[in-house]
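Heads up: numbering here begins at 1 and tracks the sequence. In each ligand, atom 1 is the first atom listed, and ligand 1 is the first ligand listed.
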Amino acid sequence: MTDQIRRQLPIVGVAKVSHGRDRMTCLYRCGNACDHAVPNGSDNEYFGDLVKNEVTRRGVLRTGAAGAVALGLGGAAMLSGTPAFAAEAPPALPPVADLHATTPQTTNLTFKAVAPNRVDALVVPNGYDHSVVIRWGDPVVPGAPRFDVRNQSVAAQLKQFGYNNDFVAVLPLDRKGDRALLVCNHEYTNEDLMFPNFVSQDALTVEQIKIAMAAHGMSVVEVERVGKTGQYELVTNGRRPYNRRLTTLQTHFRLTGPAAGSALLKTAADRTGTDVIGTMNNCAGGVTPWGTILSGEENFNQYFVGAETSTGDAKARFTRYGIDTVNRYPSGSRKWERADERFDLTKNPNEANRFGWVVEFDPFTPGSTPRKHTAMGRFKHEGANIIKARDGRAVAYMGDDERFDYLYKFVSDKKIDGRNNSEARRHNLTLLESGTLYVAKLGYTSATEIDGSGKLPTDGAFNGTGMWIPLVKGGKSMVDGMTVEEVLVFTRLAGDKVGATKLDRPEDVEPNPVNRKIYAALTNNTNRGVGTNPAADEANPRNANKHGHILEITEDNDDHTGTTFTWRVPIVCGDPTDPATYFMGYDKTKVSPISCPDNVAFDGAGNLWISTDGNALGSNDGLFATPLEGPEAGHLKQFLSVPYGAETCGPWITEDNKSVFVAVQHPGEISGASVANPASNWPDGDFAKPGIAVTWSVTNKNIGA
Ligand code: FEO
Ligand code: CA
Ligand code: CA
Ligand code: CA
């Protein structure tokens, strides 16, 4: 144990809320969402019987064991060397899943689990090492000034690495991945921890507010491997033509799809309803098979003020999206309206409609215009992840991270073109602009046995069947009383009308490229079964759910474009000594405690990796891994823990399975902390800076092996 680990941390405010997050994180991350009424006040009809009828009609309750098949892109290798800059855009890079399929599948998860702890360090298992790749303020764009916390400016921040990271992707620039692009989201800022002598949001200068806007968004930086190890470092010399910042302050995004240009999206500054400045609160994301990045705009609601003056439908819509309609103007915690009146809904009532989308962005084409796809619906998008369906279409799975909100999928109208040429590339960039949008409705096998305690039903599983209910299909609204534009801009209300299943905060949702099943992290929901809120059901089996669970979906006949599926809950999180936990039936004495699953990822063997946010067991957040098949299925072990006050994000496992990147989001975010009195000294020994670290085996084994 290092001195840094042993060192006593300064004691600052102890202000945990019931679900384990610090008060300060609640304020900055989601605008104190938990203190507000649950936005979903819909009285969804119980559709268990309807689904059961569907099952009867199909004649069988399938267990849905699809064979393990590797994801491919029509056999196209699509490998390219270092892209050269010419008039032509560089070709799409190798699809991640293709490389997985050709990599030896030897990730056996033999590492010794890291023990739960509260130390201020990134802790990895014996035999592994780690290093910091990039942190807040590091230069991104050539010419960026050195970071100086006491001399910050908008001009500097626009060229430097932004604040807090959630999503991380590492995309190879060469065949071996020795050079790569690291692409990440900057989800939110914490002005308490950014600015020395911070007093209050009201006391911030306009320059400081604009620095915060510039510290939101995304970054692209070039990284390179250190020797033949799994370590990566930032490339700091040379041209670095891909290095780029996307920000809330300056970057233009083009709206695409059926709602682009709608009256609902027009503002005084953009009379076309197609051109939005900025992306914000980008949480998780994904990489498409054609080499672009998807990024979810999540808790955008907290940045807007002025909705309390709204009435009628407008008020109902703001309320459903968690935009404060109660507190007296100006209500929001961010105060961005002081720097830009776009964030004042009394002046720009449609501006909030221009956030909450899935962003698609091509990191391999410098200067490319990022887009927001209206066809994929508007909600608090955690992220979006795509699998190629058997018929070649792109299918995106998406969670809406709110208590009692829904799970969605989008099926493109057109098929992926697997060729490696500019025509295919142009085609693939249109795939997410038209398609069918569905919301999930789950049926149960043991409905009457669910008592909210987490006790397994007599059939031995929390499981059932489900249906994907279309919201928009063939360019037409499938929801009574709502136009296509209304369904896409107010998707939550459309989900309410069709009786979608209320879930315990669906966060990251990702297809496993090896077994082709879908895994959703349901983080927690301490309101489940409390007061007038809906009680536990088979898919959300615990009342006052503090620790969350994982939902697994198996599409019938491995048809990701279809409308029926089976599901189960393979993992119910918590302390394994708690009887209300479940780890695929594995011996719980060997399992690591886990709380609040947030992001999921898969290694080349298809093992499930889970990062956590807001450990309600009192330990630091971490990264965990478990096999999903065979005798070790459910043997979940902690692979690393992040420093005090931080959340574990990413994660990203490189295509060769040698390295895992994690984002250390909001280290030291503990009420009462500041630049002068930090609660964490990670990573540089002074004040806390969020950033991204990489972990690798010192004996060059595969990650987790
Ligand atoms: Fe950004 Fe849903 O967590
Ligand atoms: Ca059951
Ligand atoms: Ca998340
Ligand atoms: Ca997160």
- [ ] Tell me yes or no: between the side chains of Y28 and Q201, is some donor less than 3.5 Å from an acceptor?
- [x] yes

TODO: Give a yes-or-no answer on whether the side chains of T648 and D621 include a donor-acceptor pair shorter than 3.5 Å.
DONE: no

Open item on the list: Taking the six-membered ring for Trp, are F602 and Y519 closer than 6.0 Å centroid to centroid?
Closed with: yes

- [ ] Measure centre to centre between the rings of F379 and Y408, then say whether the value is under 6.0 Å.
- [x] yes

Open item on the list: Checking one value in my table: which N/O/S atom of D598 lies closest to the Ca ion (ligand 4)?
Closed with: OD2

TODO: Starting from the Ca ion (ligand 4), look over the N/O/S atoms of D166 and name the nearest one.
DONE: OD2

Check [X] and report its N/O/S atom nearest to atom 2 (Fe) of ligand 1, by atom name.
{"X": "E382", "answer": "OE1"}
{"X": "E298", "answer": "OE2"}
{"X": "D401", "answer": "OD2"}
{"X": "E507", "answer": "OE1"}

TODO: Verify, without hydrogens or angle tests, whether E360 (side chain) and H373 (backbone) share a donor-acceptor contact under 3.5 angstrom.
DONE: no

- [ ] Check whether NZ of the Lys or CZ of the Arg R378 lies under 6.0 Å from the centre of the six-membered ring of Y321 and within 45 degrees of that ring's axis.
- [x] yes

Open item on the list: Tell me whether the NZ or CZ atom of K517 lies within the 45° cone about the ring axis of F565 and under 6.0 Å from its centre.
Closed with: no

Open item on the list: Tell me whether the Ca ion (ligand 4) has E647 as a neighbour, meaning an N, O or S atom of it below 3.0 Å.
Closed with: yes

- [ ] Considering non-hydrogen atoms only, spot the tightest contact between D451 and S453 and give its length.
- [x] OD1-OG, 2.7 Å

Task: Contact summary for N599 and P651, nearest pair of heavy atoms - done: CB-CD, 3.8 Å

Task: Residue-atom pairs from the protein, N, O or S only, that lie under 3.0 Å from the Ca ion (ligand 2) - done: T445 OG1, S446 OG, D459 OD1, D459 OD2, A461 O, N463 OD1, E538 OE2

Task: Metal proximity, D508 vs atom 2 (Fe) of ligand 1, N/O/S cut-off 2.8 Å - done: no

- [ ] Taking side-chain hydrogen bond (donor to acceptor under 3.5 Å, both in side chains) as the test, write out the residues that go with S641, two or more places apart.
- [x] N117

